[in-house]
Amino acid sequence: MAPDVFLLLKDRENVCRDIIYHRDGTLRINVVCLTDEEFHADPDEIQFYGEDRGEALAFETVEYNGEEPALIIEAIRWYANYIRNPEMEILAEDPRQKGILGV
């Protein structure tokens with residue numbers, strides 16, 4: 001079985017915004033730097049959080065249809081490797097709410 005392939009769309013106007021795409025499916029995930037911009041979780045989407053060298057990140061699905069939930073974590077892991085932070089911890093709760101990461 002071939003590994004899943006993810007692609008990245010970079011925002012030219014905002015270096016802190018990326019979109020992770022699953023090449024062979026409909027999964028899309030917005031990546032947002034929590035220290036640089038305001039983020040309000042969409043209750044209809046799935047959110048995860050992480051930290052990249054002191055920068056808190058939010059990962060939020062876009063129009064998620066419920067297919068292959070494990071693919072979300074796989075996509076975030078792929079992104080962590082892409083940003084050269086393969087040990088990035090993936091959190092289920094917003095670190096700003098609990099003071100985790102000092103945000």
### Query
How many angstroms lie between CD1 in Ile46 and CD1 in Ile29, if you round to the nearest 0.5 Å?
9.0 Å
### Task
Would you mind reporting whether Met88 and Leu57 have side-chain heavy atoms less than 4.5 Å apart?
yes
### Task
Please say whether more than 12 non-hydrogen atoms of neighbouring residues, nucleotides or ligands are located less than 6.0 Å from CZ in Arg53.
yes
### Query
If we only count heavy atoms from C-beta on, is the Arg17 to Val32 side-chain gap below 4.5 Å?
yes
### Task
Supply the atom-to-atom distance Glu55 CD to Asn85 CG, rounded to the nearest 0.5 angstrom.
11.5 Å
### Query
What residue pairs, at least two apart or across chains, pass side-chain hydrogen bond (donor to acceptor under 3.5 Å, both in side chains) with a residue in residues 64-78?
Thr26-Asn65, Asn65-Glu67
### Summary
Residues pairing under ring pair (Phe, Tyr, Trp, His ring centres under 6.0 Å) where one sits in residues 13-36, two or more places apart or in two chains, turn out to be Phe6-His22
#### Entry: Validation row: Glu51, Glu89 side chains within 4.5 angstrom (heavy atoms)
no
### Query
Do Val31 and Ile73 share a hydrophobic cluster, counting only Ile, Leu, Val, Met, Phe, Trp and Tyr and linking them when any side-chain heavy atoms are less than 4.5 Å apart?
yes
### Query
With Asn81, which residues qualify under side chain to side chain contact (heavy atoms under 4.5 Å, CB included), at least two apart?
Pro86
#### Entry: Shared hydrophobic cluster for Ile20 and Tyr82 (ILVMFWY, side-chain gaps under 4.5 Å)
yes
### Query
From Asp11 CG over to Ile19 CD1, what is the distance, rounded to the nearest 0.5 angstrom?
7.5 Å
### Query
Of all heavy-atom pairs between His40 and Glu60, which one has the smallest distance, and what is that distance?
O-OE2, 4.4 Å
### Query
From Ile90 CD1 over to Tyr49 OH, what is the distance, rounded to the nearest 0.5 angstrom?
13.5 Å
### Atom pair CG (Asp18) and CG (Leu8), whose distance is rounded to the nearest 0.5 Å
4.5 Å
### Task
Kindly compute the distance separating CD (Gln47) from CZ (Phe39), expressed to the nearest 0.5 Å.
5.0 Å
